[in-house]
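Inspection log for the structure reproduced underneath, given as structure tokens.
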Amino acid sequence: MPRGLLAGDPVDVAPLLLNKLLVRDGRVGRIVEVEAYRGAEDPASHAFRGRTARNATMFGPPGRLYVYFTYGMHFCANVVCWPEGVAGAVLLRALAPVSGLDAMREARTASWRGAAPAGGGRSAGGRAAAGGVPPDRVTTAPPKALPDRQLASGPARLCQALGITRELDGVDLLTGHRGVRLLDDGVAPPERPGVSGRVGLRLAGELPWRWWVPGDVNVSRAKAQVVGGR
DNA sequence: CTTTGGATCGTCT
DNA sequence: GACGATCCAAAGG
């Protein structure tokens with residue numbers, strides 16, 4: 001993974017990251033879905049309105065990991081692009097698990113055991129105990145183990161599976177510090193990746209800046225997959 | 001199968 | 001004070 005490659009426009013870099021490996025300690029996943037965010041030129045980018053404490057990493061050198069926290073409970077991971085001083089990034093949206101599947105599953109299901117029944121709060125859905133549910137209900141494992149295809153098939157899921165939190169914001173993905181690394185094992189990106197608009201955006205969602213590996217079962221939101229052209 | 005609503009809190013207005 | 005680059009389960013067809 002030459003750093004110079006990552007210094008380019010996120011729209012150019014993003015599809016090139018398909019089929020690269022993301023490594024976190026013993027856990028390895030192959031990148032199968034990405035989105036580009038073009039900083040100051042992109043209304044949907046966290047950096048559109050300039051530098052803040054939260055998005056500072058996006059303004060740093062390329063090849064670093066930008067991690068943000070959202071929806072009060074989820075983390076998402078990006079590869080920083082463009083030269084230092086210019087904000088831009090590629091959001092990693094899905095991985096195909098390669099190794100360390102047990103650790104990924106454990107990380108993804110730990111909240112079932114960890115979730116203590118909240119005192120007064122009631123909840124209709126989710127894993128918190130609803131009123132009247134016995135305590136042992138939340139201390140047991142989920143009814144079924146998560147299928148492999150759901151371990152890292154989403155931007156927040158992959159962070160949970162690999163244990164990526166805001167503590168890892170800013171680490172260099174090319175040197176492997178803190179156990180996080182981007183690796184090229186020789187598998188080329190798809191010649192003809194799937195392309196669509198980005199997911200979950202209020203602004204600029206129609207721009208075709210989402211790419212995935214065609215046919216991969218780990219890609220999120222399969223229904224949104226529409227390959228342009230022929 | 002699709003749709004809907006709740007969870008939950010850091011960040012910026 | 002409002003709102004997410006989301007996920008999950010329950011409800012509805």
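Every value quoted in this text rests on a predicted model; they were computed, and no experiment measured them. Quick note on labels: first sequence line is chain A, next is B, and so on, each numbered from 1.
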With respect to the phosphate group of dC8(C), does any side-chain polar atom (N or O) of Arg108(A) fall under 4.0 Å of OP1 or OP2?
yes
Can you tell me the distance, in whole Å, between the [atom1] atom of [X] and the [atom2] atom of [N]?
X: Tyr66(A); N: dG10(B); atom1: OH; atom2: P; answer: 15 Å
X: Trp209(A); N: dA5(C); atom1: CH2; atom2: C1'; answer: 14 Å
X: Leu151(A); N: dC7(C); atom1: CG; atom2: P; answer: 13 Å
X: Arg51(A); N: dC12(B); atom1: CZ; atom2: P; answer: 12 Å
X: Phe75(A); N: dG10(B); atom1: CZ; atom2: C1'; answer: 10 Å
X: Arg38(A); N: dA5(C); atom1: CZ; atom2: C1'; answer: 17 Å
X: His74(A); N: dG6(B); atom1: NE2; atom2: C1'; answer: 11 Å

Output yes when a side-chain donor or acceptor of [X] lies under 3.5 Å from a complementary backbone atom of [Y], and no otherwise.
X: Arg27(A); Y: Met104(A); result: no
X: Arg166(A); Y: Val67(A); result: yes
X: Asn78(A); Y: Ala89(A); result: no
X: Glu35(A); Y: Arg93(A); result: no

Using a 4.0 Å heavy-atom cut-off, does Ala156(A) contact any base of the nucleic acid, only the sugar-phosphate backbone, or nothing at all?
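Sugar-phosphate: the residue Ala156(A), judged by heavy atoms under 4.0 Å, touches backbone atoms but no base.
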With a cutoff of under 4.5 Å between side-chain heavy atoms, which Ile, Leu, Val, Met, Phe, Trp and Tyr residues group with Met58(A)?
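Traced through the cluster, Met58(A) reaches Tyr37(A), Phe59(A), Tyr66(A), Tyr68(A), Val80(A), Leu91(A), Leu201(A).
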Linking Ile, Leu, Val, Met, Phe, Trp and Tyr by side-chain heavy atoms under 4.5 Å, what else ends up with Val23(A)?
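Its cluster mates, by chain and number, are Leu21(A), Val28(A), Val98(A), Leu183(A).
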Taking all atoms of both residues into account, what is the closest heavy-atom pair of Ala36(A) and Arg198(A), and its distance?
O-NH1, 2.9 Å
For Ser153(A) and Arg149(A), which I'm curious about, is there any donor-acceptor pair between the side chains at under 3.5 Å?
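No donor-acceptor contact under 3.5 Å links the two side chains.
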Please give me every residue in residues 84-100 of chain A whose heavy atoms get under 4.0 Å of an atom in DNA chain C, ordered by residue number.
Leu91(A), Arg93(A)
Is the ring of Tyr37(A) stacked on the base of dA5(C), with centres less than 5.5 Å apart and planes under 30° off?
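So Tyr37(A) counts as stacking on the base.
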Consecutive-pair stems (at least three Watson-Crick or G-U pairs, under 3.5 Å) that include DNA chain C
B:1-7 with C:6-12, B:9-12 with C:1-4
Just wondering, are more than 12 heavy atoms of other shown residues or ligands nearer than 6.0 Å to CZ in Arg3(A)?
yes
Scan nucleotides 2-4 of chain C against the protein and return all N/O pairs shorter than 3.5 Å with their distances rounded to 0.1 Å.
residue	atom	partner	partner atom	Å
dG4(C)	OP2	Arg202(A)	NH1	3.4
dG4(C)	N2	Tyr71(A)	N	3.4

side-chain hydrogen bond (donor to acceptor under 3.5 Å, both in side chains) contacts in which one or both residues fall within residues 181-191 of chain A, not counting sequence neighbours
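Every pair satisfying side-chain hydrogen bond (donor to acceptor under 3.5 Å, both in side chains) with a residue in residues 181-191 of chain A: Arg30(A)-Asp185(A).
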Please answer: with hydrophobic residues joined when any side-chain heavy atoms are less than 4.5 Å apart, are Leu207(A) and Val13(A) in the same cluster?
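Leu207(A) and Val13(A): one cluster.
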Pick the nucleotide of DNA chain B nearest each of Arg166(A) and Met73(A); which residue has the one closer to the 5' end?
Met73(A)
Of all the nucleotides listed (dA5(C), dC12(B), dT13(B)), which has the minimum atom distance to the side chain of Arg49(A)?
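The answer is dT13(B).
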Should Arg178(A) and Asp172(A) count as an ion pair when the cut-off is N to O under 4.0 Å?
no
